[in-house]
Amino acid sequence: MEFLGMIGLLVSLVVLIYLTMKGVNIIIGAIISSVIVALTGGLRLDTALMDNYMTGFTGYFASWFFVFLLGAIFGKIMQETKSADSIAQWIKKILGPKRAVFAVVAAAAIMTYGGVSLFVVGFAVYPIAVSLFRSANLPHRFIPAALVFGSISFTMTAPGSPEIQNIIPTEFFGTTPTAGGWIGVVCALLIMTLGGLWLGSMVKKASASGETFALPNGEGEAAASMEANAIKQESDPQKEDLPNIIISFIPLILVIVVLNVLGQFMNPTIALLIALLIGIVVACLTMLRFLTKFWDSLATGAQNALVALANTCAVVGFGSVAAQVSAFDSIITGLVNLPGPPLIGLAIGVTVICAITGSASGGLGIALPILAPIYLAQGLDPGSMHRISALASGGLDSLPHNGYVVTTVRAICGESHGRAYKPILMVSVVLPTIILALAVILYTIF
């Protein structure tokens, strides 16, 4: 039965990835995959779905609803007040087409580290990316990699980040958002620097081989539509009426500062909620004349939060079903008993589960309730475990079925995985995984 359960886990993962790649809603895909796990793992189907699945789903929803809600509203307010556009335009002006790749990465990173929703960042920065890449005649297919790398590869795993991937570990290890010390900072800087250079070299190589700024073949309507929208936003004279750049930065800075100050004295999740609320209020007050649809922004933000949270809850529910089969216990036991430093098992465990779910936060929501008590009982440093968990969530989660990757490649950029995914794989999967291995070594030595 355990062998069949192991096969079921693998098949369910393949099915989940396949369905997601085919555009099937992640909630439907997660339920289908849960059925496969239950049937092959010897679980009663009604118990697996109505109890195990829904316990995981509702538990995650209850724990993180307000974080998703305020985060989505903050992102929508930053978008509605045009402060996100102001920041993107400022970076474009400062760096220019000659540094197009770095400019796109920087714009996405600044806003994401400031607490703005990933999807808001993607849609806000894409028109700027089109302008820069077209001016420099750089291949359009690298824009998704620049957006993904700048949004998730180092900003969500770095010490002090307000992203949920840096907050979830605080709940299980009793740490603060800055946990991990200098090693965490070094790892974030390495990912940022090496990834930027690697992505830049890939773009340069492609340009040298004759590639130009060109829309993807076979994706005509989608790509042309996104291109037209980007050009329209770029040339729209109303876009010049943007908030002052300093005023635009203030809400982002406040979110980071308030979180990391209050996070030293209270529950980091509560500190994040306070920080986001302050960011929302300050953004509204300082850019009131740009906020013409306040209640609509709140409504849209709430709707976006529910969609994002439900999608994440779906994969957490799937993981909760998978955790009930004996094969899953065997995997956990194997990880815990791996030879070498204990942090290896934690790193691999979080990485594998995030890969299965295609979600960093969803994977952490499944992995840490199981793994954290085991490794805390071994007396490991909580700060090290926090940073290892955060770093591990930011590697294999970015496989092709990751929701943000799919949205960025297809919906935002009008590209295809065939053209655009390889550079994403290099800088947002391979590199962070290598740095994770380095972090395990450093935390073990120091």
Side-chain angles (χ1 to χ4, degrees), residues 101-102 105-106 108-115 145-146 148-170 172-201 252-253 255-257 259-261 263-264 268 340-351 354 360-361 363-364 368 372 375 380-398 424-446:
V101 175
F102 181 70
V105 171
I110 288 171
M111 284 189 273
T112 306
Y113 196 84
V148 171
F149 176 67
S151 299
I152 64 179
S153 297
F154 55 93
T155 53
M156 74 180 189
T157 63
S161 172
E163 296 298 320
I164 193 171
Q165 293 80 7
N166 187 45
I167 302 300
I168 291 176
T170 66
F172 297 96
F173 297 118
T175 48
T176 65
T178 55
W182 65 270
I183 295 177
V185 175
V186 167
C187 289
L189 291 175
L190 282 174
I191 295 174
M192 178 180 69
T193 304
L194 296 178
L197 293 173
W198 195 354
L199 182 58
S201 69
L252 304 184
I253 295 171
V255 169
I256 298 171
V257 172
L259 166 65
N260 289 288
V261 171
Q264 305 295 322
L343 288 174
I344 291 178
L346 177 63
I348 295 177
V350 174
T351 296
C354 288
S361 59
L364 286 171
L368 293 189
Y375 288 98
L380 299 180
D381 174 56
S384 300
M385 291 189 289
H386 173 129
R387 195 51 50 203
I388 288 294
S389 298
L391 287 168
S393 75
L396 297 189
D397 73 303
S398 297
I424 295 175
L425 175 69
M426 296 297 105
V427 298
S428 293
V429 176
V430 175
L431 178 60
T433 303
I434 293 173
I435 299 301
L436 171 64
L438 174 63
V440 169
I441 295 172
L442 292 176
Y443 280 120
T444 300
I445 294 175
F446 297 102

Distance alone, cut at 3.5 Å: any donor-acceptor contact between the side chains of [X] and [Y]?
X      : Y      : answer
His386 : Asn166 : yes
Thr157 : Glu163 : no
Ser153 : Ser428 : yes

Discussion item. Strictly distance-based, threshold 3.5 Å: is any side-chain N or O of Tyr443 a donor or acceptor partner for the main-chain N or O of Gly180?
Written reply: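 Yes; judged by distance alone, with no hydrogens or angles, the pair exists.
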Worksheet item: Backbone N or O of Gly181 within a donor-acceptor pair of the Arg387 side chain at under 3.5 Å?
Response: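 Such a contact is absent between Arg387 side chain and Gly181 backbone.
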Item to complete: Report the C-alpha separation of Leu391 and Ile191 in whole Å, then their side-chain angles, then the decisive distance to 0.1 Å, and conclude whether the side chain to side chain contact (heavy atoms under 4.5 Å, CB included) test is met.
Response: CA-CA 10 Å; Leu391 287 168; Ile191 295 174; 4.2 Å; yes
Nearest heavy atoms of [X] and [Y], plus distance in Å:
X      : Y      : result
Ala146 : Val105 : O-CG2, 3.7 Å
Ala360 : Met156 : CB-CE, 3.7 Å
Pro159 : Tyr113 : O-OH, 2.7 Å
Leu252 : Ile110 : CD1-O, 4.1 Å
Ser161 : Thr155 : OG-O, 2.7 Å
Ala439 : Cys187 : CB-SG, 3.6 Å

Worksheet item: Is there a side chain to side chain contact (heavy atoms under 4.5 Å, CB included) between Gln165 and Leu364 once you walk through the steps?
Response: CA-CA 8 Å; Gln165 293 80 7; Leu364 286 171; 4.2 Å; yes
Minimum side-chain heavy-atom gap [X]-[Y] below 4.5 Å:
X      : Y      : result
Met426 : Leu431 : no
Cys354 : Val350 : yes
Thr351 : Leu436 : yes
Phe154 : Phe149 : yes

[atom1]-[atom2] distance between [X] and [Y], expressed to the nearest 0.5 angstrom:
X      : Y      : atom1 : atom2 : value
Ile388 : Ser393 : CD1   : OG    : 11.0 Å
Ile167 : Ile164 : CD1   : CD1   : 8.5 Å
Thr444 : Leu343 : OG1   : CG    : 5.0 Å
Asp397 : Ser361 : CG    : OG    : 9.0 Å
Ile152 : Thr112 : CD1   : OG1   : 9.0 Å
Ile183 : Leu190 : CD1   : CG    : 11.5 Å

Worksheet item: Checking side chain to side chain contact (heavy atoms under 4.5 Å, CB included) for the pair Ile434/Leu438: CA distance, chi angles, key distance, verdict?
Response: CA-CA 6 Å; Ile434 293 173; Leu438 174 63; 5.9 Å; no
Worksheet item: Are Tyr375 and Phe173 close enough that their ring centres sit under 6.0 Å apart?
Response: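 Ring centroids of Tyr375 and Phe173 are no less than 6.0 Å from each other.
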Worksheet item: Can you check side chain to side chain contact (heavy atoms under 4.5 Å, CB included) on Thr176 and Thr170, steps first, answer last?
Response: CA-CA 6 Å; Thr176 65; Thr170 66; 5.8 Å; no
Worksheet item: After noting the C-alpha distance and the side-chain angles of Gln264 and Thr178, does the key distance pass the side-chain hydrogen bond (donor to acceptor under 3.5 Å, both in side chains) rule?
Response: CA-CA 9 Å; Gln264 305 295 322; Thr178 55; 3.3 Å; yes
